[in-house]
K.L.:
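Submitted below is the structure of interest, expressed as structure tokens.
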Amino acid sequence: MSASVSLSRRRCLLQPFSLSLALGLSACATTTPEQSQDELVQRFYALVAAGDFDACIALVSARNISREQLASFEYKLRRMLAGAKGMIDSKGALAKVEVVERTLSEDVVKLRVLVSYRDGSTRRERINLFQEQGVWKVQL
């Protein structure tokens with residue numbers, strides 16, 4: 001009898017997990033490539049604004065960089081990100097990041113992004129994305 005109670009408890013505990021997993025997977029299945037790209041761009045800019053450069057670097061691909069160049073690449077990238085964070089800070093923080101134009105060129109998606117700052121100013125930037133092993137990455 002205790003074995004059946006234990007099994008019933010496991011089922012009760014697993015049911016909410018199974019439901020949330022199913023809902024999560026169905027949400028992933030309905031995400032379009034454009035939505036995934038937009039989410040990546042917004043996340044990237046938010047991480048720059050927060051100064052989380054390690055997380056930013058994880059979103060960047062170095063597929064066009066040789067092993068010899070890779071050592072100095074991270075240092076240069078951190079300097080670029082620090083400069084971008086400084087500019088965001090000087091404008092009072094990010095207000096909004098939105099993709100305003102999308103062009104597919106071979107295996108690269110070229111985006112034009114409108115970055116709005118809390119001081120009311122805006123800036124148009126270009127950012128390129130591509131898929132690396134099924135995951136969207138920022139291409140530098």
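It should be emphasised that the depicted structure is a prediction, and the values quoted were computed from it without experimental measurement. All heavy atoms count here, side chains included; hydrogens, waters and symmetry mates do not.
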K.L.:
Would you say the side chain of Y117 lies within less than 4.5 Å of the side chain of R123, judging by non-hydrogen atoms?
P.N.:
yes
K.L.:
With sequence neighbours excluded, tell me which residues meet side-chain contact (heavy atoms from CB on, under 4.5 Å) with A55.
P.N.:
L47, D52
K.L.:
Mind checking whether L59 and R43 have side chains closer than 4.5 Å, heavy atoms only?
P.N.:
yes
K.L.:
Q35 side chain to T32 main-chain N or O, any donor-acceptor pair under 3.5 Å?
P.N.:
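Yes.
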K.L.:
Flag the pair E74 and R78 as a salt bridge only when some basic side-chain nitrogen lies within less than 4.0 angstrom of an acidic carboxylate oxygen.
P.N.:
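Salt bridge between E74 and R78, a charged N being under 4.0 Å from a carboxylate O: yes.
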K.L.:
Just by modelled atom types, is the A49 backbone N or O under 3.5 Å from a matching donor or acceptor in the K85 side chain?
P.N.:
yes
K.L.:
Are V138 and I127 close enough that some pair of their side-chain heavy atoms sits under 4.5 Å apart?
P.N.:
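Touching, per the 4.5 Å side-chain cut-off.
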K.L.:
Just how far is it from atom CD of E132 to atom NZ of K137, taken to the nearest 0.5 Å?
P.N.:
5.5 Å
K.L.:
Checking side chain to side chain contact (heavy atoms under 4.5 Å, CB included) between V115 and each of R124, E98, E125, M87, which is the one that passes?
P.N.:
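Of all the options given, the one that passes is E125.
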K.L.:
Between E101 and L111, is there a donor-acceptor pair closer than 3.5 Å when you use the side chain of the first and the backbone of the second?
P.N.:
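No.
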K.L.:
Is L104 reachable from L129 through a run of I, L, V, M, F, W or Y residues, each pair having side-chain heavy atoms under 4.5 Å apart?
P.N.:
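In one cluster: yes.
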K.L.:
Can you find a heavy atom in the side chain of F73 that is under 4.5 Å from one in the side chain of I57?
P.N.:
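No, every pair of side-chain atoms sits at 4.5 Å or beyond.
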K.L.:
Between V108 and W136, is there shared hydrophobic-cluster membership here, with clusters defined by ILVMFWY side-chain heavy atoms closer than 4.5 Å?
P.N.:
no
K.L.:
Between Y45 and K96, is there a side-chain heavy-atom distance shorter than 4.5 Å?
P.N.:
no
K.L.:
Does any donor atom in the side chain of Q139 or S61 lie under 3.5 Å from an acceptor atom in the other side chain?
P.N.:
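Short answer, no.
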K.L.:
Determine whether V48 and M80 fall in the same hydrophobic cluster, where Ile, Leu, Val, Met, Phe, Trp and Tyr are linked whenever their side-chain heavy atoms lie under 4.5 Å apart.
P.N.:
yes
K.L.:
Looking only at non-hydrogen atoms, find the nearest pair between L81 and C56 and report the distance.
P.N.:
CD1-CB, 3.8 Å
K.L.:
CG of D119 to OG of S90: how many Å apart, nearest 0.5 Å?
P.N.:
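Reported value, rounded in 0.5 Å steps: 7.5 Å.
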K.L.:
So R102 and V109, do their side chains get closer than 4.5 Å, heavy atoms only?
P.N.:
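Side-chain contact under 4.5 Å: yes.
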K.L.:
Flag yes if L77 and F130 sit in one hydrophobic cluster, no otherwise; membership is Ile, Leu, Val, Met, Phe, Trp, Tyr, and two members link when side-chain heavy atoms are under 4.5 Å apart.
P.N.:
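The answer is no; the residues belong to distinct hydrophobic clusters.
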